[in-house]
Every structure is written in C-alpha cells, then in structure tokens.
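Count residues from 1 along the sequence. Just so it is clear, the structure is predicted and the values come from calculations on it, not from any experiment. Each ligand, and each atom within it, is numbered from 1 in the order the structure gives. Side chains included, hydrogens not; waters and symmetry mates left out as well; all remaining heavy atoms used.
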Amino acid sequence: MRKYRTVPENLISEQREFAKKVKDINCRSAKEGNVRYAYVLTFGCQQNEADSERIAGMCESMGYTLCKEPDIADLIIVNTCAIREHAEKKALSIIGQFKHLKESKPDMLIGVCGCMVTQEHRKNQIKHSYPYVDFVFGTSSIYRLPGIVFDKLSKNKRIFCPEEAEYLVAEGMPVARESDFRAWVSVMYGCNNFCTYCIVPYVRGRERSRSSEDIVAEVGELVGKGYKDITLLGQNVNSYGKDAPDEHGNTFDFADLLERLDKIDGDYYLRFMTSHPKDASSKLIDVMSRSKHIARQFHLPVQSGSDRVLTRMNRHYDTSKYLGIVDYMRKKIPDVTLTTDIIVGFPGETEEDFNATLDIIEKVRFDMIYSFIYSPRKGTLAAEMEDRIPDEVKKARFERLLELQNSIALEKNLPLVGKVLKVLCDGESKNNPEVFSGRTEGNKIVMFDKDIARKGDFVNLKIVRAETFALYGEAAD
Ligand code: SAH
Ligand code: SF4
Ligand code: F3S
C-alpha cells in the first residue's frame, strides 16, 4: 500500500457539514427572493485556476450561484499569485477597488486566498491596510472555506486562517469547471526544488502526490463526460510518486501514470506541465512517443542558457544535459512542439551569460517562449544576491530576446501553411469576436470562420496563413 499524505476524511466531511449550514442560510435568503451570488477572481498559473475551480465548487455547495461580475456578488474570493511583483501589485490593486463595492453593500463578504497571502508579510498587510477584507486563507487551507464562511456569517469577526502544520492533499472536494471540454487535473502539489529566484516552495509547501487511483478515476470521468483536452498539473510533474513508494520502495512514477492514463478510451488529448529538466527522463519521452493520447507537445523551462547562471539558480542541470533531452525528444517525436520559460536579468547575469541564452534559443528553436524579467521575491536566496541588474538593462535584454524569438516563431509557423491540422474549437476569439479560435495538438492558436465548427468540437483545418502568434485556417474538405 502506498501512503499518500491526504487530509483525513473526517475533516473533509466536517467541511461538507459547514457547507450545508451555509446553504441553509442562503436558501432561506433565496426563498425571500434574494439569490446569493459568488464571484471568484483568479491570478497566476494553471494550478491556481484549478484551485479556483474547487473554490467555485465549494461556493456552489454552500448555495451560492456563480457569477461573472463582482458588482452583484454577495461573496467575492480573490485567489492571488506571488510569482512576480507585478502579479502581487495587480491583486492588491483590485482588492483596493473592492472597497467601494463593500461600502455600497456592507453584507458582502470579501475573502483573499492563494500564494500571495500565504506569505506572512502579505497576510499582515491585508489585515492592516485592507480592513474591509473579511477573511484570508493560504494554499494549505483551501478545503476549509465552508467553515471559514460559516464562522464569518455567524460571528462577526475577521478571520486570518493560520497555515496548516503540514500541507496535505484534499480529496473529495466539489469542483465547478470553467469549461466543458478542457480540464485541469492536479497530479501533485507543492515543490521541493527551491530554485533561488522562486517563491513557490515557500507558498505551496513540499511535494505531495495524489493517489494514481484518484487521478485515473478523475481523468476517466472527464473523458466519459466528453472532455477533449486534459492537462495534468504539478510544479514538477516528473517528481510524481516519489513521495509515495510502496512497501518495497518501488515508485509508480509520472511516466507510469501517463502510460496508465493513455489506456483510457476516447477522443482526447492528454497534456502535462511543468517538467523540470533535471528530472525529465528518457522513460517519459519513450512513453510519450508510443502513446495514443499524449499531445506531441513539451514545455521544458530552461530559464537561462548560461551554466554559471543555472548553477546560481540552483537548477541542477547544465545546458548540455538540457540539449541532450531536446535531441532525444526530437529523435523520438520529430514533430514535437517545444516551449520554454526564460528569466532575463537574474542577479549577476552578464552580457556573456545573456548571449548564451540567445545562443540556446537559436540552437533549440522553440515554438514559443514565456519570458520574464527577474523580479526579486522576499525570502528567496536570489533576493539576497548582489549584482542586481539595472531595470533598463533587463528591459533591453528582454526586447532582444523577444525580437529573436518572434522571428524563430514565425519561421516555425510558416511551413505549416498548406497542412491540415486537427484543432479544438474554443469559440469566439478573445482578440476578434468576429471569428472563432482554437488550438492545435501543439497548443498553437488557429483562427477560422465561425460556421466551420462548434465550440468544444475537434475540426480539421487547412492552414492558409501563418503569423508569429497565430495561424489561420479554412475547412479542410
Ligand atoms: N514549476 C515550474 C514553474 C513555475 S513558475 C517550473 O519549474 O518550471 C513559472 C515561471 O515563472 C518559471 O518557470 C520562471 O521562468 C518564472 N519565474 C519564477 N520566479 C520568478 C521570478 N522571481 N522572477 C521572474 N520570473 C520568475
Ligand atoms: Fe519554482 Fe523551481 Fe519549483 Fe518551478 S521547480 S516551482 S521554478 S522552485
Ligand atoms: Fe502559481 Fe503564482 Fe502560486 S505562479 S503556484 S499562483 S505563486
């Protein structure tokens, strides 16, 4: 028997009881003609989006109707991110704007959760500078939301939930998914890697895996319901299972999990993120190459092309190891779509280091890069390093990086013209509501006429035009 570190069932059922109690209160109000609405606002990564879907699910179980505008809400929950200063500023600014709403509607409850407020200094900042925020809970206490709301409704006191002694996996919580054809499935939570720039290990606790049975059941249910694109989530999915060996010390690792999930029948893609290059194994790539459902797409953050910087980042790989993984990947899956993350302006990054980053980008020729200007995070090792790079140098390097990548992305998209690609239709394009957009197996955006497909359906499109960030398609037959 593998031991998974989960929240004890009695604590989960206690929360179900709290949810029922809140629901009773809300149902009484609905009978009097006042339906109670909840609004959940999410910042940050897919992990936070997945958490927000659980938060929304709990809101529904408490008798709230989910809504898309804060103005009509009786309960607002802001799920925050701490990855860069900009993410925190945005969240704080929105929370600031809710002050007026609360003044015009004093019964409204406002809660703040997520990575930003899992940091003590931010929790205190909310306590002292945002007195109209009713409750705050960190990433270890999400499952406690019904109890917190019940407490707040029954005693008129602000609540600042302390972090749990141990960060555990909470199973059996309700979920209200945003989409009925794309879904997130967390396979593990937390991170043990402590890259020196990164706040995540401090705000998400240590790595813990969900049981493979729970994951297989969830993915099976999604495929059964007609979901077509399922992304498995974890900060470092390749650590999956390592915290839960069986009694003989054997692990059921991420590649094993993928192989098992791939056996689920249906017409769907399976994706995963994020892979850490130090743990991306050839076993994983082999499983991908012989799988039926795993999308031929791989996100492998390199962060820098300088070995000196990678060491200072505590990444535990060098560029030659990274390039070795890319070579093996392309040998096994020649048409794989490759993407990466890059940090520009890490402390002490010299011109030579930065040029090495441009070099690796030229060598690998990624389809897409998510690039970030380094942002010091309080409490991380890099924040204490000397040789901070001046803002204007960081910005100039960032621009050079974008210029190079944009030309590569276009060069990689142009040969797709004339090809027929299978695209999952997302409905109206965010940039141009006149047309539909969808994504390919490699997650590239394709725009096309609205009469070709229905939202949530796969459609075969002939690519007729390619730009840096989008392809344009027509009906293939
Ligand atoms: N677990 C994932 C990444 C999570 S954060 C991984 O290891 O790849 C997503 C990306 O944000 C990181 O890959 C990194 O490029 C960027 N990032 C993290 N901390 C940052 C910081 N302090 N400043 C700028 N970018 C950062
Ligand atoms: Fe952050 Fe590194 Fe963990 Fe990714 S692996 S979440 S970058 S500490
Ligand atoms: Fe994600 Fe931001 Fe937290 S990137 S893990 S929401 S710090």
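Nearest non-hydrogen protein atom to atom 7 (S) of ligand 2 is Tyr197 OH, 3.4 Å. Of the protein's non-hydrogen atoms, Ile83 CD1, 3.5 Å is the one closest to atom 5 (S) of ligand 1. In terms of protein heavy-atom proximity, atom 22 (N) of ligand 1 is nearest to Ser375 O, 2.8 Å. Closest to atom 6 (C) of ligand 1 among all protein heavy atoms lies Thr274 CG2, 3.7 Å. With respect to atom 17 (N) of ligand 1, the closest heavy atom belonging to the protein is Arg84 NH1, 3.5 Å.
Here the CG-CZ distance, from Asn48 to Arg204, works out to 5.0 Å after rounding to the nearest 0.5 Å. Atom NZ in Lys332 sits 9.0 Å away from atom CD1 in Ile285 (nearest 0.5 Å).
For Gln235, the heavy-atom gap to ligand 3 drops under 4.0 angstrom.
Of the heavy atoms in Arg204, only side-chain atoms (C-beta onward) come closer than 4.0 Å to ligand 3. With a 4.0 Å heavy-atom cut-off, ligand 1 is reached by the backbone of Gln235 and by its side chain too. The side chain of Gln303, and not its backbone, has at least one atom closer than 4.0 Å to an atom of ligand 1 (non-hydrogen atoms only; side chain from C-beta on). Of the heavy atoms in His86, none comes closer than 4.0 Å to ligand 1. Residue-level proximity to ligand 1 for Phe372 is carried by the side chain, the only part with a heavy atom below 4.0 angstrom.
Nearest heavy-atom pair across Ile94 and Leu41 is CG2-CD2, 3.5 Å. Pairing each heavy atom of Met62 with each of Val149, the nearest pair is SD-CB, 3.9 Å. Val216 and Arg260 get closest at one heavy-atom pair: CG1-NH2, 3.3 Å. Nearest approach of Ala82 to Glu88, heavy atoms of both residues: CB-OE2, 3.5 Å. Here the closest heavy-atom approach between residue Asp243 and residue Arg208 is recorded as OD2-CA, 3.0 Å. For Leu66 against Cys59, the heavy-atom pair with the smallest separation is CD2-CB, 4.1 Å.
In summary, of the residues considered (His316, Arg315, Lys321), a side-chain contact (heavy atoms from CB on, under 4.5 Å) with Asp318 occurs for Lys321 alone. Among Glu221, Glu49, Glu218, the one residue that satisfies the salt bridge (Lys or Arg N to Asp or Glu O under 4.0 Å) test with Arg177 is Glu218.
Within the sub-2.8 Å shell of atom 3 (Fe) of ligand 2, the protein contributes these N/O/S atoms: Cys191 SG. Protein N/O/S atoms closer than 2.8 Å to atom 2 (Fe) of ligand 3: Cys81 SG.
Remark: ligand 2 atoms within the under-4.0 Å shell around heavy atoms of Arg315 are 2 (Fe), 7 (S). Ligand-side atoms of ligand 1 in range of Ile343: 14 (C), 15 (O), 17 (N), 25 (N), 26 (C), range being under 4.0 angstrom from any heavy atom. Taking every non-hydrogen atom of Arg377 and a distance limit under 4.0 Å, the qualifying atoms of ligand 1 come out as 22 (N). With ligand atoms numbered from 1 in the order given, ligand 1 contributes 23 (N), 24 (C) to contacts under 4.0 Å with heavy atoms of Ile373. Ligand-side atoms of ligand 1 in range of Asp341: 9 (C), 10 (C), 12 (C), 13 (O), 15 (O), range being under 4.0 angstrom from any heavy atom. Residue-ligand proximity, Arg315 to ligand 1, at heavy-atom distances under 4.0 Å covers atoms 7 (O).
The backbone N or O of Thr139 lies less than 3.5 Å from a partner atom in the side chain of Thr118, making a donor-acceptor pair. Of the possible donor and acceptor atoms, one in the side chain of Gln119 sits under 3.5 Å from a partner among the backbone N and O of Met116.
Taking the ring centre of Tyr269 as origin, the terminal cationic atom of Arg271 falls inside the region bounded by 6.0 Å and 45° from the ring axis. Both tests pass for Lys127 against the ring of Phe160: distance under 6.0 Å to the centre and angle within 45° of the axis. In this structure, Arg84 is positioned above the aromatic face of Phe372, its NZ or CZ under 6.0 Å from the six-membered ring centre and within 45° of the axis.
The distance between the ring centers of Tyr374 and Phe346 falls below 6.0 angstrom. Aromatic rings from Tyr202 and Phe194 are positioned such that their centres are separated by under 6.0 Å.
Of the N or O atoms in Ser275, none lie within a sub-3.5 Å distance of an N or O in ligand 1. Looking at Tyr197 next to ligand 1, an N or O pair under 3.5 Å apart turns up.
The aromatic rings of Tyr322 and Tyr317 sit tilted, their planes meeting at an angle between 30° and 60°. Between Phe135 and Phe137, the angle of the ring planes stays under 30°, which puts this pair in the parallel group of the 30/60° scheme.
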